[in-house]
Amino acid sequence: MNILFFTPHAELWVHTVPEALIAKAMAAEGHKVRYLTCGAMQTYCAPMSAHRLIPGCSKNDYDDICVTCGENAKAIRWTYRFPMDTLANYLDDADKTACEKIADEAVASQSLSTEYLGVDVGAFAMYELTLMYKTMSTAYSDSQWAEYGIYLRNSILSLLAFSRYLKRHRPDVVTAFSPQYSNINPCLTYASQQGLKVLFMESGNNLSNRLGTMRVWDWRVHGLVNPALRYWDRSELHPVTEQKAKAVVGHLQQILNGSHFTVYSKPFEAHTDIRRKWSIRPDQKVALMTLSSYDEAYAAYLIHGFPEDKVFSDVFRTQTEWLKATIEWARGREDIFLIIRVHPRDFPNKRDSLRSEQSYKLEGLLRDGLPGNVIVNWPSDEVSLYELLEDADLILTGWSVTALEALIFGIPVVTYDQKLPSYPADIMLTGRSESEYYANIDKAIAQGWRIENSRNAFRWLAYNFVDATVLVSERFGAHERSVDEPSGSAPTGLKRKVWDHLRERYPILNKCNDLLDWKGTRNGAQLICKLIDENHDSLLSVRKAIALSEQKPLQDDSAIVDKSLKALHDLLYANAALPPGKEGLSQRIRQYLNSRGFHEL
């Protein structure tokens with residue numbers, strides 16, 4: 001088949017390399033691969049955002065980024081000899097003027113519903129703006145409307161150039177890394193309307209090997225909804241292996257040390273006694289309510305990547321309504337102490353300096369009038385999530401991934417609507433009504449700490465980290481890991497000096513060297529080829545078909561989970577100085593592991 005790799009963001013090398021390794025491996029499997037890149041026709045894009053530029057920046061500001069983008073594309077063409085074209089080759093100045101006029105008219109009328117070539121570009125252009133300003137509405141300021149116009153112009157230009165490319169070249173499949181972005185989504189939507197299969201590609205979620213793995217699924221079928229939710233069925237069908245457990249432990253190691261750029265919480269140091277800090281009575285159960293930032297889900301909804309019921313619940317319409325109702329419920333429950341943890345992303349943090357629209361609503365709601373058994377943990381308190389988990393009896397959340405961090409340590413989790421989270425209903429307590437929500441809280445309190453929670457979380461994370469991805473490159477995946485990596489076969493002595501000199505003089509050699517490590521991608525590429533050739537909608541669909549043909553018996557994973565839980569406990573409490581005999585999470589885990597023969601704890 002003819003496969004087009006649409007790569008307008010080639011400047012983002014850490015994402016471009018894994019995609020290119022897959023392209024080369026798929027070519028080795030017999031597919032014909034072509035590349036389509038940008039060619040410096042955008043006035044704003046994801047690479048410019050990654051370099052802290054803002055919409056409306058001058059050409060002088062972004063010229064170097066465009067040059068690097070072109071050099072990266074050149075490295076792929078030079079190393080792999082793929083046919084390569086650019087969007088810029090299909091546009092002229094008149095096109096740019098016409099597209100700018102359409103965008104200007106939309107901004108002048110404050111319209112978000114622009115259609116172009118049958119594509120809802122008006123909606124797609126809202127994606128990055130929503131994330132940048134962390135909005136939960138489309139009530140834009142004048143300056144935001146001006147920036148929206150820039151995204152819209154570039155969306156239309158990309159679509160126009162892409163449509164002309166398809167008239168000259170007719171691929172069978174179009175694939176793109178992170179197709180939700182406003183200059184890619186219109187193109188893939190157009191390709192889908194033309195009857196082409198379009199594939200979503202994105203790095204895996206395992207932080208210990210994020211860049212070394214890739215998720216792949218049919219963009220038209222799933223949008224931004226994780227297909228693992230469709231194929232999971234139930235926990236006991238997915239026992240973990242040693243390999244899968246290792247992936248999960250590696251991921252948690254990156255979270256626990258707090259250094260990965262995607263981790264907001266500070267590392268656990270056990271400096272804060274939560275019960276003493278907030279005067280929590282010994283007879284009170286601690287319910288930790290973890291809020292989510294809203295803009296990411298809202299942005300996905302705006303571009304039709306999430307269905308409405310994955311963002312707006314019919315149990316509590318919004319997270320704010322859930323928060324109000326839970327506070328009122330807690331007012332009459334003196335046996336409960338409720339800690340409300342506001343998500344760090346709603347406030348300035350290590351990744352950005354803006355406050356979210358939601359943060360102002362939360363301040364208005366949570367600053368005054370709270371019951372005596374309710375406290376708010378603001379990001380400015382600088383309390384680690386794991387300091388709270390040490391004393392938490394249960395977690396209440398809408399869709400936060402902190403649920404998985406709690407579950408894996410055995411803590412029960414309650415969500416108020418099973419349609420909201422990107423994890424399955426059978427690994428937590430959830431439902432579809434307000435009465436079920438409150439009943440599940442009491443059920444979680446009655447159940448308490450359970451090893452079944454840990455097993456379920458290990459299985460779900462392993463399913464996502466291993467089954468739902470393909471391995472691309474262990475070597476390239478090491479780029480983000482915050483642990484020392486062996487030097488492997490790197491040259492030493494005189495050879496190293498010569499190599500360093502050549503790389504300094506010819507920077508393209510560094511890029512070509514990254515691209516040579518593609519043979520280890522063959523197995524993963526074969527699965528992607530099956531996805532395409534056999535018309536599957538995801539890697540999980542492919543793996544399910546293979547599993548049905550093999551009919552392997554399910555294995556007992558109890559010992560593997562126990563061993564892995566011990567490893568996580570040791571990581572979490574390595575630098576903690578808990579008082580002897582302190583009740584809490586560590587004691588519960590140690591008591592369980594001791595009962596299973598880990599007597600050294």
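Because the structure is predicted, anything quoted here is derived from the model rather than measured. Worth knowing before you read on, the calculation uses all heavy atoms, side chains too, and leaves out hydrogens, waters and symmetry mates.
Side-chain N or O atoms of Lys96 include none that pairs as donor or acceptor with a backbone N or O of Met41 at under 3.5 Å. Panel note: side chain Thr130, backbone Thr135; no donor-acceptor pair is recorded below 3.5 Å. A donor-acceptor contact shorter than 3.5 Å links the side chain of Ser384 to the backbone of Tyr386. Looking at Thr16, its side chain does come within 3.5 Å of a backbone N or O of Leu12 through a donor-acceptor pair. Arg77 places no side-chain N or O within donor-acceptor distance of the main-chain N or O of Met84, the cut-off being under 3.5 Å. For the pair His51 (side chain) and Leu53 (backbone), a donor-acceptor distance under 3.5 Å is absent. Checking side-chain atoms of Gln358 against main-chain N and O of Ser292 turns up a donor-acceptor pair under 3.5 Å. At distances below 3.5 Å, not a single donor-acceptor pair connects side-chain atoms of Lys32 with backbone N or O atoms of Met1. Trp217 places a side-chain N or O within donor-acceptor distance of the main-chain N or O of Gly223, the cut-off being under 3.5 Å. Side-chain atoms of Asn349 come within 3.5 Å of backbone N or O of Phe347 as a donor-acceptor pair.
Counting heavy atoms from C-beta on, the side chains of Cys45 and Asn183 come closer than 4.5 Å. Side-chain contact check for Trp399 versus Val311: every heavy-atom pair is 4.5 Å or farther apart. Here the side chains of Lys101 and Thr97 are not in contact, with every heavy-atom distance at 4.5 Å or above. Residues Asn523 and Leu471 have side chains not in contact (no heavy-atom distance under 4.5 Å, counting atoms from C-beta outward). At a threshold of 4.5 Å between non-hydrogen side-chain atoms, the residues Leu531 and Ser541 do not count as touching. Annotation: side chain of Thr7 is not in contact with side chain of Ile76 (no heavy-atom distance under 4.5 Å). You'll find the side chain of Ile184 stays beyond 4.5 Å of the side chain of Phe177, heavy atoms only.
Legend: residues meeting side-chain hydrogen bond (donor to acceptor under 3.5 Å, both in side chains) with His31, ordered by chain and number and at least two apart, are absent. Applying the side-chain hydrogen bond (donor to acceptor under 3.5 Å, both in side chains) rule to Gln526 yields the partners Glu29; only residues at least two apart in sequence or on another chain are considered. A search for side-chain hydrogen bond (donor to acceptor under 3.5 Å, both in side chains) contacts involving Thr86 returns Asn89, not counting sequence neighbours.
Atom-to-atom distance recorded for Thr318:OG1 and Tyr298:OH is 12.5 Å, nearest 0.5 angstrom. One finds the CD atom of Gln144 at 7.5 Å from the OH atom of Tyr140 (value rounded to the nearest 0.5 Å). Atom CG of Leu199 sits about 10.5 Å away from atom CZ of Arg220, to the nearest 0.5 Å. Here Leu252 contributes atom CG and Asn257 contributes atom CG; the two are 11.0 Å apart, rounded to the nearest 0.5 Å. Distance CG/Leu159 to OG1/Thr189: 9.0 Å, rounded to 0.5 Å. From Ile528, atom CD1 reaches atom CD1 of Ile22 across 4.0 Å, with rounding to the nearest 0.5 Å.
Side chains of Ser49 and Glu128: a donor-acceptor N/O pair is absent below 3.5 angstrom, by distance only. Side-chain N/O atoms of Ser356 and Asp346 include a donor and acceptor closer than 3.5 Å. Side-chain atoms of Asp517 and Ser473 include a donor-acceptor pair closer than 3.5 Å. Under the 3.5 Å distance criterion, with hydrogens and angles disregarded, a donor-acceptor pair is assigned to the side chains of Ser111 and Ser113. Residues Ser208 and Gln253 have side chains that never bring a donor and an acceptor to within less than 3.5 angstrom of each other. Residues Tyr423 and Asn464 have side chains that never bring a donor and an acceptor to within less than 3.5 angstrom of each other.
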Tabulate below the donor-acceptor pairs under 3.5 Å that side-chain atoms of residues 147-157 make, not counting sequence neighbours, or state none.
from: Glu147; atom 1: OE1; to: Tyr133; atom 2: OH; distance (Å): 2.9
from: Glu147; atom 1: OE2; to: Tyr133; atom 2: OH; distance (Å): 2.7
from: Tyr148; atom 1: OH; to: Gly122; atom 2: O; distance (Å): 2.7
from: Asn154; atom 1: OD1; to: Thr43; atom 2: N; distance (Å): 3.3
from: Asn154; atom 1: OD1; to: Thr43; atom 2: OG1; distance (Å): 3.3
from: Asn154; atom 1: ND2; to: Thr43; atom 2: OG1; distance (Å): 3.2
from: Asn154; atom 1: ND2; to: Tyr44; atom 2: O; distance (Å): 3.3
from: Asn154; atom 1: ND2; to: Ile150; atom 2: O; distance (Å): 3.2
from: Ser155; atom 1: OG; to: Tyr151; atom 2: O; distance (Å): 2.9
from: Ser155; atom 1: OG; to: Ser182; atom 2: O; distance (Å): 2.7

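Results of the side-chain contact (heavy atoms from CB on, under 4.5 Å) test with Leu196 over Leu4, Asn2, Leu166 single out Leu166 as the only residue that passes. Partner Thr213 forms a side-chain contact (heavy atoms from CB on, under 4.5 Å) with one of Val470, Thr469, Val472 and no other, that one being Thr469. Residue Tyr35 forms a ring pair (Phe, Tyr, Trp, His ring centres under 6.0 Å) with just one option from Trp78, Phe5, Tyr80, and that option is Phe5.
Ring-plane geometry between Tyr127 and Tyr181 is classed as perpendicular, the angle between the planes exceeding 60 degrees on a 0 to 90 degree scale with a lower cut at 30.
Within a 6.0 Å radius of CD1 in Ile54, other residues, nucleotides and ligands contribute 12 heavy atoms or fewer. For Asp92, the CG atom counts as densely surrounded, since its 6.0 Å shell holds more than 12 non-hydrogen atoms of other residues, nucleotides or ligands.
Screening residues 188-204 for salt bridge (Lys or Arg N to Asp or Glu O under 4.0 Å), with sequence neighbours left out, gives Lys197-Asp218, Glu202-Arg215. For residues 166-185, the set of pairs meeting the salt bridge (Lys or Arg N to Asp or Glu O under 4.0 Å) definition, not counting sequence neighbours, is empty.
Considering all non-hydrogen atoms of both residues, Leu91 and Ala161 come closest at CG-CB, 3.8 Å. Between Pro171 and His169, the shortest heavy-atom distance links the atoms CD-O, 3.2 Å. Smallest separation of non-hydrogen atoms from Thr114 and Ala106: OG1-CB, 3.5 Å. Of all heavy-atom pairs between Cys512 and Thr79, the closest is SG-OG1, 3.3 Å. When all heavy atoms of Leu131 and Ala299 are compared, the pair lying nearest together is CD2-CB, 3.9 Å. Shown here for Pro8 and Cys69, the closest heavy-atom pair between the two residues is O-SG, 3.9 Å.
Here the two rings, on Phe465 and His251, have centers that are under 6.0 Å apart.
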**OP:** Take Tyr90 and Asp85, measure what side-chain hydrogen bond (donor to acceptor under 3.5 Å, both in side chains) needs, and give me the verdict at the end.
**Re:** CA-CA 10 Å; Tyr90 296 85; Asp85 209 338; 2.5 Å; yes
Original post:
Can Lys24 and Leu515 be said to form a side chain to side chain contact (heavy atoms under 4.5 Å, CB included), step by step?
Top reply: CA-CA 9 Å; Lys24 175 60 177 174; Leu515 295 169; over 6 Å; no
**OP:** Could you please spell out the steps behind the side-chain hydrogen bond (donor to acceptor under 3.5 Å, both in side chains) verdict for Thr402 and Thr290?
**Re:** CA-CA 7 Å; Thr402 57; Thr290 57; 2.9 Å; yes
